[in-house]
*Asks:* 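Take a look at the following structure, please.
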There are 2 protein chains.
Amino acid sequence: MRPTVHDIAAEAGVSLATVDRVLNNRPGVRSVTRDKVERAIATLGYVRDVAAANLAKGRSYPLIFILPGGENAFMRGLEAEVRAAMARSPAERTEIALLCVPAFDARALADALAEAHRRRPAGVAVVAVDAPEVTQAVKRLRDDGIVVVTLVSDLPGSARDHFAGVDNIAAGRTAGNLMGRFLRGRKGPVAVVAGSMLVRDHRERLEGFQAVIRDCFRARQILPVVEGQDDAALVEKLVAALLERHPDLAGIYSLGAGNRGLVAALQQAGRAEAVCAIAHELTPHSRAALLSGTIDVLLNQDAGHEIRSAIRVLKAKADGLPVIEAQERIRIDIFLKDNLPNGQA
Amino acid sequence: MRPTVHDIAAEAGVSLATVDRVLNNRPGVRSVTRDKVERAIATLGYVRDVAAANLAKGRSYPLIFILPGGENAFMRGLEAEVRAAMARSPAERTEIALLCVPAFDARALADALAEAHRRRPAGVAVVAVDAPEVTQAVKRLRDDGIVVVTLVSDLPGSARDHFAGVDNIAAGRTAGNLMGRFLRGRKGPVAVVAGSMLVRDHRERLEGFQAVIRDCFRARQILPVVEGQDDAALVEKLVAALLERHPDLAGIYSLGAGNRGLVAALQQAGRAEAVCAIAHELTPHSRAALLSGTIDVLLNQDAGHEIRSAIRVLKAKADGLPVIEAQERIRIDIFLKDNLPNGQA
DNA sequence: GAAGTTTTGATGTACGTAAATCAAAAATTT
DNA sequence: AAATTTTTGATTTACGTACATCAAAACTTC
């Protein structure tokens, strides 16, 4: 049987109350006594029963999620996962609130963070926009002991406790590597369509993609990046223009959202087969495009995993517990039409 | 506040004892009364506090993991993850035992399952060998209410409760798709090296690979599969022979273990660059080979995720609880040298 | 060594559920 | 309607921890 506080009290030759004082570092214990107890804990290998402790404490975890609004299918998928987590709340002792803010708007995001601060939750998860006012708002949360996890797009150099998202430089590199190999022997430049250079994840994907093409596929020209604001209509216009201007375009890397526009433009121009398209995020539309061959590869981050991971980390950090790093690493899914999962999205 | 059994008793106008009888379907409740209670549960949205219930029950989960022995690096990785789970046991209320059996030996595996049966655990996780005596042994476990999860290699048509592993047909198809695209414009046949056709996962990978090459890359010849028994020395001999016999060999798909042999043979023959190699499982050796360019793509299943998933499912099924399917889907990692995770393996 | 302060012990209640016991009430059978 | 069986209620203990209270003991300090 695993040892309990009673066993420790016996082993250390002190009372239960003293063990309790040590465990919850309450005042009024001489350091000699504290040592005795800590030695007993070590020799017996005592681990606090978190479930029992939470039960006794009646602990719950008020959490706030802040996501960009708009029609971005991936973000709406994230939102759906947050709502699924809300439904599980009673079983997980969480109380989750959801805030939506305009996309790519640092000011609005900072305001939302301030609002979150006012509500004094145990933790906040936020899809970050990389801007000083956001960094500062995060710092203020941390200063009040509120755990902050960035989601999807990170805010390095800020005080955030954890990033729940993929390595976007690696994602960009992966896209570059696959694009380079798939186009072996074919001529023509490749284009990059981003959402906005204001968010870190897009900047990092671009950086990784460019680095690999530059270093490993030197002959391949990369056209200047175009920004589609994650908006399908705008993306369609931009891609159509690209296709017209570059009849020899060999590939397109779409590293943001709005892929409906990408697909529409490619099909409109009758270049769906000819142009190698690599895009991000599995949505109903992108899935269909992958299956039809318009999109060749989809890089994806599993929204469900990200949300569940964020919640696990928020709860653990709120309790000052360690997290299993390997378990919380969000992986880059690479989907070809052959390894698409059946379910959702 | 979330409702408790007391609230249900009040709402239903019955006593606590009756609520308890309904909740834990103990006998001695008229169906009218049972209905009243169930309606109260529904209207209040009561969810059992699993933590409190487990605490009260003093529940623990004795589990047995059965893995193949030998030097297979992936299996040793699995074992390491099982040991890591053992270390977490006190916090997770599990009591995990580990049994190792000779690889590809159905008789030995059936015996191990019988031994596991004798120990009467709550659940068993097993890397299956596809044979009738194994299927029967699994059935006997199930008949005694012991949960069975297959790990890595499945046993469909058996009574197992769940499979914790990747879709191996999809994995094979993915390898085929990538191989076909990477070799575009290059001539020459491709070879397949398996471990043994006795295990389902290898058969399925082969099937998927062949199907894609046959359907999408018709011109590409596939050489007859060779079986390396997941043994590096044997694999090296076989691959060396293949390379000698086929100077124009364009690619090799290694769908089993023993990749040290594959890499050695390729490098020995000076064909590391020329031949496109796709292999399975991230190990220190295969990682090095990927980084050096000898291996072009690694398909991987995360051993840590598989073990943790198996444990979650075993516990849930042992309690008759539902599992979050999407969370338990083990994904096929596709690693290029650009998206290798830093950590372990 | 008396007064004061700090440290420790003893004890009880609470969290939400499980499980058991015994008595009381209701339904069923005779 | 009495006897029997089934169903229900009331109450208690337990799980492992948190937290509070009050008294007793051990240290300081003068």
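All heavy atoms count here, side chains included; hydrogens, waters and symmetry mates do not. A note on names: the letters A, B, ... follow the listed sequences, proteins ahead of strands, and every chain is numbered from 1.
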*Asks:* Could you give the CG-to-C1' distance, from A:Asp35 to C:dT7, as a whole number of Å?
*Replies:*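 Those two atoms, CG and C1', are 15 Å apart.
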*Asks:* Under 4.0 Å between a side-chain N/O of B:Ser15 and OP1 or OP2 of D:dA10, yes or no?
*Replies:*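 No, no such contact exists.
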*Asks:* What's the CG-P distance between B:Asp319 and C:dA18, to the nearest Å?
*Replies:*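 Checked: the CG to P distance equals 11 Å.
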*Asks:* Do A:Arg48 and A:Asn24 have a side chain donor and acceptor closer than 3.5 Å?
*Replies:*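 A pair is found: one side chain offers a donor N or O, the other an acceptor, under 3.5 Å apart.
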*Asks:* Measure the distance from CZ on A:Arg30 to P on D:dA25 and round it to the nearest whole Å.
*Replies:*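 After rounding, the reported distance stands at 15 Å.
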*Asks:* Using a cutoff of under 3.5 Å, can you pull out all pairs of nitrogen or oxygen atoms linking the protein to nucleotides 13-17 of chain D, with atom names and distances?
*Replies:*
| unit_1 | atom_1 | unit_2 | atom_2 | d |
| --- | --- | --- | --- | --- |
| D:dC15 | O2 | B:Ala56 | N | 3.1 |
| D:dG16 | N2 | A:Ala52 | O | 3.3 |
| D:dT17 | OP1 | A:Tyr46 | OH | 2.6 |
| D:dT17 | OP1 | A:Asp49 | N | 3.3 |
| D:dT17 | OP2 | A:Val5 | N | 2.9 |

*Asks:* Whole angstrom is fine here: how far is it from CZ in B:Arg34 over to P in D:dT6?
*Replies:*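 From B:Arg34 CZ to D:dT6 P: 16 Å.
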*Asks:* With a 4.0 Å cut-off, would you call B:Arg93 and A:Asp49 a salt bridge?
*Replies:*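 Result for this pair is yes, salt bridge flagged.
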*Asks:* Could you state the atom-to-atom distance from NZ of B:Lys36 to P of C:dA26 in whole Å?
*Replies:*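 To the nearest whole Å, that distance equals 12 Å.
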*Asks:* Tell me whether B:Asp143 is salt-bridged to B:Lys139, with the criterion being a basic N under 4.0 Å from an acidic carboxylate O.
*Replies:*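 A salt bridge links B:Asp143 with B:Lys139.
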*Asks:* Can you tell me if A:Arg21 touches the phosphate of C:dT7, counting only side-chain N or O atoms and a distance under 4.0 Å to OP1 or OP2?
*Replies:*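 Checking A:Arg21 against C:dT7: no side-chain N or O falls below 4.0 Å of OP1 or OP2.
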*Asks:* On DNA chain C, compare the nucleotides closest to B:Asn54 and A:Val14; which residue's is nearer the 5' end?
*Replies:*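 Looking at the nearest nucleotide for each, A:Val14 comes out on the 5' side.
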*Asks:* Between C1' on C:dT17 and CG on B:Asp7, what's the gap in Å once rounded to a whole number?
*Replies:*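 Atom CG in B:Asp7 sits about 13 Å away from atom C1' in C:dT17.
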*Asks:* Under a 4.0 Å threshold between the charged nitrogen and the carboxylate oxygen, would A:Asp35 count as salt-bridged to A:Arg39?
*Replies:*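 No, this pair does not count.
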*Asks:* Could you tell me whether a side-chain N or O of A:Asn300 sits under 3.5 Å from a main-chain N or O of A:Leu282, the two making a donor and an acceptor?
*Replies:*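 Here the side-chain-to-backbone pair exists.
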*Asks:* Salt bridge check: are A:Glu325 and A:Arg329 linked by an N-O gap of less than 4.0 Å?
*Replies:*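 Here A:Glu325 does not pair with A:Arg329 in a salt bridge, since their nearest N and O are not under 4.0 Å apart.
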